[in-house]
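Working notes, structure below.
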Protein chains: 2
Amino acid sequence: MVTMQDVARAAGVSPMTVSNVVNARPHVKPETKKRVLAAINELGYRVNAAGRSLRTGRTGTIGFAVPEVDNQYFAHLIGCVVDEAAQQGMRVAIEQTDAMRETEIEVVSTSRNRLYDGLLLSTAGLTDADTALLQVDYPIVLLGESLFDAPLDHIVMPNFDGAREATEHLIAQGSRRIAYLRRPDTELDPRREGYLEAIARVGLEPILIEVEGLDIASGARAVGAALSQGLVVDAIAAFTDNLAIGAVRGAADAGLRVPDDLRVTGFDNVPLAALSVPSLTTIAPDHSTTAHTAVTFLLERMAGSTVPPRTFTIPHTLIVRESSTR
Amino acid sequence: MVTMQDVARAAGVSPMTVSNVVNARPHVKPETKKRVLAAINELGYRVNAAGRSLRTGRTGTIGFAVPEVDNQYFAHLIGCVVDEAAQQGMRVAIEQTDAMRETEIEVVSTSRNRLYDGLLLSTAGLTDADTALLQVDYPIVLLGESLFDAPLDHIVMPNFDGAREATEHLIAQGSRRIAYLRRPDTELDPRREGYLEAIARVGLEPILIEVEGLDIASGARAVGAALSQGLVVDAIAAFTDNLAIGAVRGAADAGLRVPDDLRVTGFDNVPLAALSVPSLTTIAPDHSTTAHTAVTFLLERMAGSTVPPRTFTIPHTLIVRESSTR
DNA sequence: CTGAAAGCGCTAACAG
DNA sequence: CTGTTAGCGCTTTCAG
């Protein structure tokens with residue numbers, strides 16, 4: 001391995017000068033700089049990130065822990081975060097937690113994290129009881145659900161309002177038997193609360209269908225099973241776009257067509273939502289604003305900011321497409 | 001920051017003993033070990049990855065460079081690779097290259113890579129002329145297209161055979177005006193060659209539709225435009241599932257229904273393929289075998305293997321679904 | 001079974 | 001503008 005020492009020797013300067021050149025610091029005579037660069041090229045020198053990190057205490061990498069990479073919503077968000085971070089000169093390492101509390105805790109607390117200058121944590125499994133675990137000596141920004149309050153910056157989805165608006169839209173379209181396709185495993189779901197509020201406001205009967213997982217197949221199975229068991233509904237508000245797309249498939253399996261027999265709405269506005277057949281009515285959070293705000297908050301903390309923890313609610317719009325209109 | 005020194009002092013042992021405990025090495029008296037673990041817990045000690053890396057020369061992280069994270073196919077493959085690597089005790093950092101040659105070169109050659117013990121490179125922009133750039137002092141395994149031959153392990157897609165089989169399937173279904181939805185920017189496309197072979201074998205006329213990008217929207221636009229300009233086809237073999245799903249959308253925009261008016265096949269078998277409406281006939285490469293083989297090859301190289309470069313062709317099957325059958 | 005010494009590659013602080 | 005010194009936290013080596 002070629003070290004700074006080697007380059008310094010070859011160029012007839014000190015390692016410090018090589019360091020100055022490599023880090024583009026001012027006050028290096030052009031002539032010297034040229035000699036150093038030539039030596040770097042000739043020897044094929046690359047700075048050793050471990051040495052630099054050990055010295056500076058920074059790695060230039062932020063971690064991004066997501067429940068699942070293979071999920072339209074997170075895949076898209078990862079793309080946005082990677083772009084945003086790259087603009088600010090940071091790399092992003094992805095950690096997959098499988099939405100499991102243990103894995104999330106492991107990501108936060110094990111040595112792994114020392115490879116990161118900060119962590120974006122899209123948590124799905126942690127609860128109020130775990131907030132103490134989030135008190136670590138590097139910055140964390142929480143992303144996604146707003147299920148508990150740790151003293152950390154927090155980017156939250158417009159869960160309650162978004163789900164309420166989607167449900168109101170279905171009501172306005174004329175649906176009266178509106179089911180909510182609910183996530184499993186948690187009693188705390190602001191989107192369900194939003195749905196329930198809209199339903200209660202006009203005196204309709206709430207109908208809940210529970211899925212096993214958050215993938216498309218789970219949505220298809222749950223809706224297919226419910227319909228074939230004789231459940232009568234004329235609309236479904238799904239917890240996510242993925243589930244909504246699965247619901248369309250499940251309806252097809254039960255011989256129902258969307259939107260003719262059944263209106264469907266999603267949540268997330270993943271890229272596919274605009275392009276599936278039928279295209280999907282959904283709540284669209286602004287993904288790039290999300291990524292931008294999350295990365296900015298984190299970098300500010302990494303730079304030492306001590307302003308009180310902030311909560312940023314992602315702006316959203318209802319996008320009406322084919323799946324809910326006739 | 002708590003260091004090994006601190007722990008050693010607190011436990012009344014030497015740093016070396018702490019190291020031995022942390023790394024689960026044998027020959028530490030149980031009693032000593034208990035004392036050390038207690039101190040670690042009390043002080044909240046975490047090993048510093050930079051220090052360890054600097055000393056050992058390894059980081060425990062492999063890089064995975066993909067053209068695009070926000071792409072069904074790669075998102076799914078990333079999930080498989082992360083799982084596979086985790087089983088082997090490795091972390092995965094994702095690099096996004098946007099399929100650009102410059103970015104791919106940057107990933108390979110800049111200092112960034114020193115953070116990785118090895119690199120999985122799913123290349124899309126490099127050509128024969130660039131193979132010299134891939135001669136670096138850490139292992140690289142190439143993934144995906146087989147457009148050039150570098151002296152490296154290479155996992156290749158069953159491009160030619162897969163596309164030929166998909167096209168033959170469309171012919172067997174009765175289609176006679178079969179278009180190939182081709183990727184942009186490259187003259188080298190083994191999938192197109194497979195399509196052309198199948199077409200030529202039965203004396204049909206080849207029809208090529210070119211897309212601008214590889215996302216769903218591009219497929220929709222290209223097919224929608226071609227059909228509305230009067231192109232008459234009764235089947236489309238698409239370069240990828242993404243494009244196929246877009247093609248279904250584009251056909252709908254032009255008033256055609258799949259499979260009634262138009263048969264469609266894809267390539268990749270992304271999770272959505274089974275769950276879209278209509279479900280998508282496609283070539284299914286074995287993703288988990290892909291991930292397993294890629295990670296295994298890379299770890300073998302990292303362990304010092306010097307066997308000649310290997311080429312592994314991913315096994316595949318044709319999965320017939322609704323989009324191509326009436 | 002445990003410890004002492006040395007050094008991995010880099011850069012902060014200061015001196016010249 | 002350039003060099004010297006020192007040390008970041010860890011583990012390898014070898015001695016006890």
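All of these numbers come straight from a predicted model, not from anything done at the bench. Convention: sequence-line order gives letters A, B, ...; per-chain numbering from 1.
- Sorted by first then second residue, the salt bridge (charged side-chain N to carboxylate O under 4.0 Å, His left out) pairs that include residues 9-23 of chain B, not counting sequence neighbours, are B/D6-B/R9.
- Per the geometry, CD belonging to A/Q5 stands 10 Å off P belonging to D/dT4, to the nearest Å.
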Could you walk me through whether A/D117 and A/T59 pass the side chain to side chain donor-acceptor pair (under 3.5 Å) test, one step at a time? CA-CA 6 Å; A/D117 296 335; A/T59 64; 3.1 Å; yes
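- Between A/T56 and D/dC8, a side-chain N or O to OP1/OP2 separation shorter than 4.0 Å is absent.
- Checking side-chain atoms of B/T97 against main-chain N and O of B/A65 turns up no donor-acceptor pair under 3.5 Å.
- Side chains of B/M90 and B/V82 form no contact here, defined as non-hydrogen atoms less than 4.5 Å apart.
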Compile the donor-acceptor pairs under 3.5 Å between side chains in residues 30-39 of chain B and protein atoms, sequence neighbours left out, one pair per line.
residue: B/E31; atom: OE1; partner: B/R35; partner atom: NH1; Å: 3.2
residue: B/R35; atom: NE; partner: B/A11; partner atom: O; Å: 3.0
residue: B/R35; atom: NH2; partner: B/A11; partner atom: O; Å: 3.2

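- Sorted by residue number, the members of residues 19-30 of chain A with any non-hydrogen atom under 4.0 Å from DNA chain C read A/S19, A/N23, A/R25.
- With D/dG7, D/dG9, D/dT4 as the choices, the nucleotide that has an atom nearest any side-chain atom of A/R55 turns out to be D/dG7.
- A salt bridge does not link B/R101 to B/E106: none of the charged nitrogens lies less than 4.0 Å from a carboxylate oxygen.
- When the P atom of D/dT12 is taken as reference, atom CZ of B/R58 falls 11 Å away, rounded to whole Å.
- Counting any heavy atom pair closer than 4.0 Å across all strands shown, B/S53 reaches no nucleic acid atom.
- Over its full length, the helix from C/dC1-D/dG16 to C/dG16-D/dC1 turns its helical axis through 30°, comparing axes from the five pairs at each end and rounding to 10°.
- The shortest heavy-atom contact between A/P139 and A/R301 is CB-CB, 3.5 Å.
- Counting non-hydrogen atoms of other residues, nucleotides and ligands closer than 6.0 Å to CD of B/E42 gives a total of 12 or fewer.
- In the 5' to 3' direction, nucleotides of DNA chain C lying under 4.0 Å from heavy atoms of chain B begin and end at C/dC1 to C/dG9.
- Atom-to-atom, CG of B/D6 to C1' of D/dC8 comes out at 13 Å; the value is rounded to the nearest Å.
- Listed by first and then second residue, the side chain to side chain donor-acceptor pair (under 3.5 Å) pairs that reach into residues 76-86 of chain A are A/H76-A/H287, A/E84-A/Q88, A/E84-A/H292, sequence neighbours excluded.
- Nearest to the side chain of A/L54, among D/dG9, D/dA6, D/dC1, sits D/dG9.
- With rounding to whole Å, A/E31 atom CD is found 13 Å from D/dT2 atom C1'.
- The B/T3 side chain lies nearest to D/dC10 when the options are D/dC10, D/dC1, D/dT11.
- Shortest non-hydrogen contact noted between B/Y138 and B/V107 is OH-O, 4.1 Å.
- In terms of modelled atom types and a separation under 3.5 Å, the side chain of B/Q96 and the main chain of B/V69 share a donor-acceptor contact.
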